[in-house]
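It should be emphasised that the depicted structure is a prediction, and the values quoted were computed from it without experimental measurement. The chains referred to below are lettered A, B, ... by the order of the sequence lines, with proteins before strands, and numbering in each begins at 1.
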Number of protein chains: 2
Amino acid sequence: MSKQELVVLGQDESGCCPPLLAAPLDEEQAVELAKVFKALGDPVRLRLLSMIASREGGEICVCDLTPAFDLSQPTISHHLKLLRQAGLIDCERRGTWVYYWLLPGTVDKLAGVLTRPGQPAASEGSP
Amino acid sequence: MSKQELVVLGQDESGCCPPLLAAPLDEEQAVELAKVFKALGDPVRLRLLSMIASREGGEICVCDLTPAFDLSQPTISHHLKLLRQAGLIDCERRGTWVYYWLLPGTVDKLAGVLTRPGQPAASEGSP
DNA sequence: CTCTTGTTTCGACATACGTCTATGTTGACG
DNA sequence: CGTCAACATAGACGTATGTCGAAACAAGAG
């Protein structure tokens, strides 16, 4: 089940991040990046990702996600599939329920790509 | 001309950034964020943004953007319009030519939203 | 095995999106 | 004023996307 992500971002260990804002992107990089941004370009998927990522234990059951939306269960499942194919989340069946969790690599990659040179990290407000 | 952005992100000065990955997003925030991510969800627009942002002087003429793509001039103009409506760039006519530049606020906002708590800034690789 | 519950897959459909050609608009220059 | 070049807008067309209901699949309980 967790075998079908498109491995959309090279997850390169080569230091840090391809500069989006510091050098022109070549077409191939742009295509790969656009897939992930497109996955984030829907309010339902953003909220799903947010709910998954902000879960204390790191995992959340579909049955806890669905009631938060005014949409049919198949539609939620569809959006979760797109997030999974974008490499943003993964899931595992555990008995009757399916649990989803965040794949931090892809999100970190995006954050890096969008960080302008010289811009400090977005440190959360808890010193 | 530079008057029609949707002012899509509140550009709030309230410290830093709404946590996308630390707390569930409410619907309104999700809708606003999704507009910007959707604008980034196209390879042509990503490359356009990248070319604009990485320009040394901070500005670039449309006549320098168009030839880099295998698309018609109106198509490029259309994509630039979407980036502008998303609050990512702005433009100004200067004689015959139109110049575009990056609006750093929106990009910074996205980077902040995608940065996980505890994740350091993406420092560029030039020590 | 059968029944029930949770989840995904399958078609179908309306809408949105990316692209084009054709046409406007704006400014520079004779 | 007329003409040309640089961009923008308008309309059209094919494809992709978001949504649903129905059906299939998986796993536990009788």
Side-chain angles (χ1 to χ4, degrees), chain A residues 1-6 8 27 30-31 33-49 51-52 59-86 88-101, chain B residues 1-6 27 30-31 33-49 51-52 59-86 89-101:
Chain A
M1 169 174 276
S2 53
K3 215 58 189 286
Q4 75 181 90
E5 298 106 35
L6 297 181
V8 113
E27 174 145 10
V31 168
L33 269 177
K35 288 178 187 170
V36 189
F37 281 123
K38 185 176 294 185
L40 295 177
D42 181 278
V44 174
R45 289 197 288 273
L46 274 183
R47 288 181 60 201
L48 283 170
L49 187 71
M51 292 175 73
I52 293 170
E59 298 179 338
I60 188 169
C61 170
V62 176
C63 61
D64 288 332
L65 292 170
T66 306
F69 298 85
D70 209 24
L71 296 169
S72 72
Q73 197 176 34
T75 297
I76 299 299
S77 187
H78 168 69
H79 285 302
L80 288 170
K81 184 183 181 180
L82 293 187
L83 286 173
R84 192 150 44 86
Q85 291 179 333
L88 288 162
I89 58 177
D90 200 0
C91 67
E92 180 188 42
R93 176 160 216 130
R94 208 169 298 155
T96 307
W97 298 279
V98 175
Y99 290 86
Y100 280 81
W101 59 86
Chain B
M1 173 173 272
S2 53
K3 214 70 190 277
Q4 73 181 92
E5 294 107 36
L6 297 180
E27 174 144 8
V31 168
L33 269 177
K35 288 177 188 171
V36 189
F37 280 123
K38 185 176 293 187
L40 295 178
D42 181 278
V44 174
R45 288 196 290 272
L46 275 183
R47 288 181 60 200
L48 283 170
L49 187 71
M51 292 175 72
I52 294 170
E59 300 179 336
I60 187 169
C61 171
V62 177
C63 61
D64 289 332
L65 291 169
T66 307
F69 298 85
D70 210 21
L71 295 169
S72 71
Q73 174 262 323
T75 299
I76 299 300
S77 187
H78 169 68
H79 286 304
L80 288 170
K81 183 183 183 181
L82 293 186
L83 286 173
R84 191 152 43 90
Q85 289 179 335
I89 59 177
D90 199 358
C91 67
E92 181 189 39
R93 174 164 214 130
R94 209 169 298 156
T96 308
W97 298 277
V98 177
Y99 290 85
Y100 280 80
W101 59 84

Checklist entry - Between A:Phe69 and A:Met51, is any pair of side-chain heavy atoms under 4.5 Å apart? => result yes
Checklist entry - How many Å lie between CG on B:Leu40 and C1' on C:dC17, as a whole number? => result 16 Å
Next on the checklist: Using the salt bridge (charged side-chain N to carboxylate O under 4.0 Å, His left out) criterion, which residues pair with B:Arg47? Sequence neighbours excluded.
Outcome noted: A:Glu27
Checklist entry - Atom CZ of B:Phe69 to atom C1' of C:dC20: distance rounded to whole Å? => result 17 Å
Item to check | pair B:Tyr99-B:Glu92: side-chain heavy atoms closer than 4.5 Å | outcome: no
Checklist entry - Nearest 0.5 Å, what's the CD-CG distance between B:Gln73 and B:Leu65? => result 11.5 Å
Next on the checklist: Just the rounded figure in Å: distance from P of C:dT9 to CD of A:Gln85.
Outcome noted: 9 Å
Checklist outcome for this item: Atom CD1 of B:Ile76 and atom C1' of C:dC20 are separated, to the nearest Å, by 13 Å
Next on the checklist: How long is the straight-line distance from CD1 of B:Ile52 back to CD1 of B:Ile60, given to the nearest 0.5 Å?
Outcome noted: 7.0 Å
Checklist entry - To the nearest Å, how far apart are B:Leu65 CG and D:dA6 P? => result 14 Å
Item to check | Side chain proximity check, B:Leu80 to B:Arg84, heavy atoms < 4.5 angstrom | outcome: no
Checklist entry - Separation of B:Asp90 atom CG from D:dA8 atom P, in whole Å? => result 12 Å
Checklist entry - Between the side chain of B:Arg45 and the main-chain N/O of B:Lys38, is any donor-acceptor distance below 3.5 Å? => result yes
Item to check | Annotated protein contacts, base or backbone, on nucleotides 24-29 of chain D with a non-hydrogen cut-off under 4.0 Å, one of B, S, - each | outcome: --SSS-
Item to check | Whole-Å gap separating P (D:dC4) and CH2 (B:Trp97) | outcome: 18 Å
Checklist outcome for this item: Reading nucleotides 14-22 of chain D from 5' to 3' and marking B where a protein heavy atom lies under 4.0 Å of the base, S where only the sugar-phosphate is that close, and - otherwise, the string is ---SSBBBB
Checklist outcome for this item: Rounded to whole Å, the CG-C1' distance (B:Leu80 to D:dA6) equals 13 Å
Next on the checklist: When you measure from the side-chain N and O atoms of A:Tyr100 to the phosphate of C:dT7, is any distance below 4.0 Å, counting only OP1 and OP2?
Outcome noted: no
Item to check | Any A:Trp101 side-chain heavy atom under 4.5 Å of A:Asp90 side chain | outcome: yes
Item to check | Residue pair A:Pro43 / B:Ala34: nearest heavy atoms and the distance that separates them | outcome: N-CB, 3.5 Å
